[in-house]
J.: 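Sharing a structure, written as structure tokens. Questions coming.
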Amino acid sequence: MGKVLIIGAGGVGTVVAHKVAQNPDVFIEIMIASRTKSKCDAVVKAIGNPNIQTAQVDADSVDELVALFNSFKPEIVINVALPYQDLTIMEACLKTGVNYLDTANYEPKDVAHFEYSWQWAYKKRFEEAGLTAILGCGFDPGVSGIYTAYAAKHYFDEIQYLDIVDCNAGNHHKAFATNFNPEINIREITQNGRYYENGQWITTQPLEIHKDLTYPNVGPRDSYLLYHEELESLVKNFPTIKRARFWMTFGQEYLTHLRVIQNIGMARIDEVEYNGMKIVPLQFLKAVLPNPQDLGENYEGETSIGCRIRGLKDGKERTYYVYNNCSHQEAYKETGMHGVSYTTGVPAMIGAMMFLKGLWKKPGVWNVEEFNPDPFMEQLNKQGLPWHEVIDGDLEL
Ligand code: NDP
């Protein structure tokens, strides 16, 4: 059906490339491009399909992107580079008539700040160009929004309370490692917490609020309230929501390391002078931490991510829990990457599939919950991320 260009050859890009290659009826021509071409070549070798093309591109440069898009002429770009590149890639899409999909909202490099305003500002230009931009199509953001849209469509007249719960019950046997890009991950977790209640955003200290939540097949885990970007679009798109929160599990060992990293200044994102050159401590730290892509081989256990929702149906209160559990080892066997990359890369591929099949094609800039969730939910079951439902169970929240 269509030509796809994947930008980024990290953990998530590797999974996207595998899954795109597994669906040749939809993706008829594939290119993977990144800053380091050898990484793209390694991904193609691992997949074993020499028809996948590779290229070098600096996605911070609109000119380089435009040249690449004009030569390959993709219908859609799957952006799984870093959030810093979202706007340059969107600009290049507008200049060349290419549709867009990503898994994380734009962040400026010099401030750890997550909000959709920068990308929503492109809505009119994408509309006028007749191009579709799909924002936040990983697991969370991504499937978390699709689960919510599915719940709203099939189970509720009014969603009132939404809790997104993200548990990684895996063990990679390293003292400290992040599951995806360490710079992006540590920026996210060390921020103030934030949740939405009765029309207002309430800010907490970083990781201030936590409680035990019970995850299917895992058991109770200490879960911390974080700010997560999809809360911003979900409360806008489902205005009946009275409270929306996001929870993520962390082990004590991880939190102790994180505290030390912060206390000694290694989480800083401003430049410091070192031996006559300028370095950003967090970027330096990334260079010495385990590479998230190398964690898969020894990763045991599973992730469990879902939405716990309370609201009204036919005048009565109802609860609904929809979730997926993903085994790190199964993900590794299929793609060479662990469950965190897998749960992000599979939805990114499905989003591009939805676009190419014409099911999610509408000019403008959209968050995933603004599309029909049904065909996406059907593909989750077919593409390796099956979901389960509990109706009127105890949500614990
Ligand atoms: P990695 O760091 O493993 O990979 C990022 C890739 O992007 C690398 O190949 C890197 O190249 C490439 N890249 C970075 N800068 C540039 C540039 N200027 N030009 C071209 N390529 C560039 O990250 P992950 O794969 O773990 O994560 C990818 C994205 O997925 C991130 O945006 C992350 O926030 C998002 N994510 C979303 C989740 C969700 O559920 N929604 C969950 C997890 C991640 P090089 O190898 O040369 O450094």
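All ligand and atom numbering here is 1-based and tracks the order in the structure. The analysis underlying the following values was restricted to heavy atoms, covering all of them including side chains, and did not include hydrogens, waters or symmetry mates. Numbers here simply count residues along the sequence, with the first being 1. On a predicted model such as this, the values are computed, not experimentally measured, just so you know.
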J.: Run the numbers for me: atoms of ligand 1, each under 4.0 Å from some heavy atom of P83, listed by number.
T.: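 Numbered from 1, ligand 1 contributes 32 (O), 34 (O).
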
J.: Give yes or no for whether the N/O distance cutoff of 3.5 Å, strictly under, is met between F180 and ligand 1.
T.: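 No, no N or O pair falls under 3.5 Å.
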
J.: Which of the numbered atoms in ligand 1 are below 4.0 angstrom from a heavy atom of Q293?
T.: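 Those atoms are 3 (O).
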
J.: For atom 42 (C) of ligand 1, grab the closest protein heavy atom and report residue, atom and distance to one decimal in Å.
T.: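 Its nearest protein heavy-atom neighbour is T344 OG1, 3.1 Å.
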
J.: In sequence, state the C-alpha distance, the side-chain angles, and the governing distance for V143 and N324, and then conclude on side chain to side chain contact (heavy atoms under 4.5 Å, CB included).
T.: CA-CA 10 Å; V143 176; N324 161 265; over 6 Å; no

J.: Does an N or O from K286, backbone or side chain, lie closer than 3.5 Å to an N or O of ligand 1?
T.: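 The answer is no, given that K286 and ligand 1 share no N or O pair closer than 3.5 Å.
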
J.: Return yes or no for this condition: an N or O of G13 is under 3.5 Å from an N or O of ligand 1.
T.: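 G13 vs ligand 1: no N/O contact under 3.5 Å.
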
J.: Between E396 and R308, does any side-chain N to carboxylate O distance fall below 4.0 Å?
T.: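 Looking at E396 and R308, the cut-off is met.
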
J.: Would you say I7 and V62 are hydrophobically clustered, going by side-chain heavy atoms of ILVMFWY under 4.5 Å?
T.: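 No, separate clusters.
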
J.: Only heavy atoms count here, so choose which of V43, V12, T343 is nearest to atom 24 (P) of ligand 1.
T.: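 Minimum heavy-atom distance to atom 24 (P) of ligand 1 goes to V12.
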
J.: Measure centre to centre between the rings of F126 and W366, then say whether the value is under 6.0 Å.
T.: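 Here the rings of W366 and F126 have centres that are no less than 6.0 Å from each other.
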
J.: State whether E273 and K278 are salt-bridged, where the test is any N-O pair (Lys NZ or Arg NE/NH1/NH2 against Asp/Glu carboxylate O) under 4.0 Å.
T.: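 K278 and E273: salt-bridged.
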
J.: Please work out whether any backbone atom (N, CA, C, O) or any side-chain heavy atom from C-beta onward of I184 is under 4.0 Å from ligand 1, and answer side chain, backbone, both or neither.
T.: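 I184 to ligand 1: side-chain contact only, backbone stays beyond 4.0 Å.
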
J.: Just need the protein heavy atom nearest to atom 12 (C) of ligand 1, so name the residue and atom and give the distance.
T.: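 The closest one turns out to be S34 OG, 3.4 Å.
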
J.: So between V57, I32, T14, whose heavy atom ends up nearest atom 20 (C) of ligand 1?
T.: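 That would be V57.
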
J.: Using heavy-atom distances only, which candidate in G136, S144, A104 approaches atom 34 (O) of ligand 1 most closely?
T.: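 Ranked by closest heavy atom to atom 34 (O) of ligand 1, first place is A104.
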
J.: If hydrogens are left out, which of A81, C137, G138, G10 has an atom nearest to atom 28 (C) of ligand 1, that is, the closest non-hydrogen atom?
T.: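 Considering heavy atoms of A81, C137, G138, G10, the nearest to atom 28 (C) of ligand 1 sits in A81.
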
J.: Is it true that R125 and E128 make a salt bridge, defined as a side-chain N closer than 4.0 Å to a carboxylate O?
T.: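 No, this pair does not count.
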
J.: May I ask you to check whether G8 has an N/O atom sitting below 3.5 Å from an N/O atom of ligand 1?
T.: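 Min N/O separation from ligand 1 is not below 3.5 Å for G8.
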
J.: So, are K236 and E232 salt-bridged, with charged N and O less than 4.0 Å apart?
T.: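 Not counted as a salt bridge, because no side-chain N and carboxylate O are separated by less than 4.0 Å.
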
J.: Regarding ligand 1, does L82 bring an N or O atom to under 3.5 Å of one of the ligand's N or O atoms?
T.: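 The answer is no, given that L82 and ligand 1 share no N or O pair closer than 3.5 Å.
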
J.: With a 4.0 Å cut-off, would you call R268 and D270 a salt bridge?
T.: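 Result for this pair is yes, salt bridge flagged.
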
J.: Determine whether C167 and R221 satisfy the following criterion, side chain to side chain contact (heavy atoms under 4.5 Å, CB included), listing intermediate values before the conclusion.
T.: CA-CA 8 Å; C167 169; R221 293 286 160 126; 4.0 Å; yes

J.: Run the numbers for me: atoms of ligand 1, each under 4.0 Å from some heavy atom of V80, listed by number.
T.: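 Taking each heavy atom of V80 in turn, ligand 1 has 28 (C) under 4.0 Å.
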
J.: Quick test of your reading of the structure: of Q85, E64, E188, Q56, whose heavy atom lies closest to atom 16 (C) of ligand 1?
T.: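 Among Q85, E64, E188, Q56, the closest heavy atom to atom 16 (C) of ligand 1 comes from Q85.
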
J.: Would you check the N or O atoms of D60, main chain and side chain alike, for any that come under 3.5 Å of an N or O of ligand 1?
T.: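 Looking only at distances, the answer is yes, because the N/O contact criterion of under 3.5 Å is met.
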
J.: Is it the case that the ring center of H338 lies less than 6.0 angstrom away from the ring center of Y332?
T.: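 No, ring centres 6.0 Å or more apart.
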
J.: Give yes or no for whether the N/O distance cutoff of 3.5 Å, strictly under, is met between P141 and ligand 1.
T.: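 Such a contact does occur with ligand 1.
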
J.: Residues in salt bridge (Lys or Arg N to Asp or Glu O under 4.0 Å) with K109, at least two apart?
T.: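 In terms of salt bridge (Lys or Arg N to Asp or Glu O under 4.0 Å), with neighbours along the sequence ignored, K109 is linked to D60.
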
